[in-house]
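Please read the structure below before turning to the comments.
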Amino acid sequence: MSRIDTLPPLREVIAKHDLAAKKSLGQNFLLDLNLTAKIARLAGDLTQADILEIGPGPGGLTRGLLAEGARKVLAIEKDPRCMPALAEIADAYPGRLQVINGDALTVNPLDHLTKPIKIAANLPYNVGTELLVRWLTPPAWPPFWDSLTLMFQREVAHRIVAQPGSKAFGRLALLAQWRADAQIVMELPPEAFTPPPKVSSAVVHLTALPAPRYPADPGILNTVVAAAFNQRRKMLRSALKSVSPEIEDHLTAVGIKPTERAEQVGLEEFCALARSLA
Ligand code: SAM
């Protein structure tokens, strides 16, 4: 049994605190502490950073983050059953782990953390994409975080890093790549989790760029991209008609063929279109 600290193995923790996984909370636990330490290392140097972790569960990744030297971890967990197990970890790392029993969608991490801040999580699949979109669309850029190291279903991870011309390319890729560098850094089979989910997973590492890759108004870019991909099989001149009656002129002015479909158009061109429409 792998060990990264003097705390008991996770199987014992789960048995002791009766933490049978609940499907409704997206609970698929990582019990191999070598693996959770490896994921923690993928987040980069933690020693000078505060870490936000969503959904610590029995605390495998939390232990990895602390063992790798995180200055402080704020762990937000919805399931009250996990609190005693997480309290034991907090005792083993005095003053470095704060646990909040609550919904990650309603807690403001800035009330508890000091910059620089990194986010690392084996996310609950039911709220993973919503959280990512929130972190990528703050009111101002740069955001409160420096990097995100996040587990997703493999298919979602591929949508985040997708390039034009691929089926996976869409809103999520454009949103992520406009203001961040995004890379898949680890792929995991279902058996890495207890219980195993139906699909494979992947860890995506995103680093916030100091400024967007190409200038564009975030609201206009979002409207254009949403309209273009809502009807991704249509030519852009019809998919974007609702955005502007002169859409053909704008498309031509920035060098996009009006007969092209959204998935053929790259980030730089979408930003140019947003500027033309502004
Ligand atoms: N980090 C643990 C691990 O790697 O073993 C658990 C990961 S499990 C995929 C997701 C965790 O998120 C569960 O512990 C679940 O209870 C928690 N969770 C689900 N929805 C949540 C929410 N809205 N806010 C905070 N935690 C949530």
Side-chain angles (χ1 to χ4, degrees), residues 1-5 7 9-11 13-14 19 21 25-77 82 85-86 89-90 92-93 96-97 99 104 109 113 116-125 127-129 131-132 135 145-158 160-161 176 180-197 199-208:
M1 176 61 71
S2 49
R3 281 206 162 206
I4 53 166
D5 49 37
L7 289 157
L10 284 160
R11 278 185 202 285
V13 173
I14 285 176
L19 298 176
L25 286 169
Q27 291 183 335
N28 301 100
F29 300 134
L30 288 170
L31 303 187
D32 177 349
L33 291 166
N34 287 323
L35 185 58
T36 59
K38 197 166 162 192
I39 296 169
R41 282 196 290 279
L42 292 171
D45 179 12
L46 308 181
T47 58
Q48 307 303 319
D50 280 6
I51 314 294
L52 170 63
E53 186 194 357
I54 308 300
L61 181 58
T62 320
R63 285 166 64 173
L65 294 164
L66 289 162
E68 288 302 314
R71 189 169 67 187
K72 172 182 173 173
V73 176
L74 171 68
I76 306 173
E77 171 58 59
C82 298
L86 295 168
I89 305 173
Y93 291 93
R96 288 173 57 203
L97 173 60
V99 181
L113 297 176
I117 296 167
K118 290 172 180 280
I119 303 179
N122 174 14
L123 288 171
Y125 288 147
V127 290
T129 315
L131 282 167
L132 175 67
W135 290 326
W145 50 270
D146 287 357
S147 70
L148 311 173
T149 308
L150 305 172
M151 182 87 68
F152 288 101
Q153 287 170 267
R154 192 170 169 274
E155 174 262 327
V156 176
H158 282 268
I160 296 168
V161 302
D181 277 328
Q183 262 186 296
I184 292 181
V185 288
M186 189 192 272
E187 304 231 7
L188 293 96
E191 310 81 67
F193 301 85
T194 304
V199 293
S200 294
S201 302
V203 178
V204 184
H205 183 74
L206 298 108
T207 316

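Excluded from the calculations below are hydrogen atoms, water molecules and symmetry mates; all remaining heavy atoms, backbone and side chain alike, are included. The structure displayed is predicted, hence computed values, not measured ones.
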Heavy-atom closest pair, residues [X] and [Y]:
X: Pro56; Y: Thr62; answer: CB-OG1, 3.3 Å
X: Thr36; Y: Gly60; answer: OG1-O, 3.1 Å
X: Phe193; Y: Asn122; answer: CE2-ND2, 3.8 Å
X: Ala182; Y: Leu206; answer: CB-CD2, 3.6 Å
X: Ala157; Y: Ala202; answer: CB-CB, 3.7 Å
X: Thr47; Y: Arg71; answer: O-CB, 3.8 Å

Practice problem: Apply side-chain contact (heavy atoms from CB on, under 4.5 Å) to Ala21 and list each qualifying residue two or more places apart in sequence or on a separate chain. | Solution: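 Ala21: side-chain contact (heavy atoms from CB on, under 4.5 Å) contacts with Gln27, Phe29, Pro195.
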Self-check item: For Glu68, side-chain contact (heavy atoms from CB on, under 4.5 Å) partners two or more places apart
Solution: Ala37, Ala40, Arg41, Leu46
Beyond-backbone contact of [X] with [Y], side-chain heavy atoms, under 4.5 angstrom:
X: Lys118; Y: Thr149; answer: no
X: Leu10; Y: Leu33; answer: yes
X: Val73; Y: Glu53; answer: yes
X: Ile184; Y: His158; answer: yes
X: Leu131; Y: Leu150; answer: no
X: Leu35; Y: Leu188; answer: yes
X: Leu148; Y: Val204; answer: no
X: Leu74; Y: Asp50; answer: no

Would you compute the distance between atom [atom1] of [X] and atom [atom2] of [Y] and round it to the nearest 0.5 angstrom?
X: Leu65; Y: Tyr93; atom1: CG; atom2: OH; value: 10.0 Å
X: Ile117; Y: Lys72; atom1: CD1; atom2: NZ; value: 9.5 Å
X: Leu66; Y: Leu61; atom1: CG; atom2: CG; value: 9.5 Å
X: Ser200; Y: Glu191; atom1: OG; atom2: CD; value: 7.5 Å
X: Leu123; Y: Leu132; atom1: CG; atom2: CG; value: 8.5 Å

Practice problem: Mind running side chain to side chain contact (heavy atoms under 4.5 Å, CB included) on Val127 and Ile54 for me, showing each step along the way? | Solution: CA-CA 10 Å; Val127 290; Ile54 308 300; 5.5 Å; no
Quiz prompt | Any residue meeting salt bridge (Lys or Arg N to Asp or Glu O under 4.0 Å) with Asp146, in chain and number order, not counting sequence neighbours | solution = none
Quiz item: Is it the case that more than 12 heavy atoms not belonging to Glu187 sit under 6.0 Å from its CD atom?
Solution: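 Above 12, so yes.
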Quiz item: Would Ile160 and Phe152 satisfy side chain to side chain contact (heavy atoms under 4.5 Å, CB included), going step by step from the backbone distance to the final call?
Solution: CA-CA 10 Å; Ile160 296 168; Phe152 288 101; 3.6 Å; yes
Quiz prompt | side chain to side chain contact (heavy atoms under 4.5 Å, CB included) between Arg63 and Val13, worked out | solution = CA-CA 12 Å; Arg63 285 166 64 173; Val13 173; 4.1 Å; yes
Quiz prompt | Side-chain (Arg96) to main-chain (Ala70) donor-acceptor, under 3.5 angstrom | solution = yes
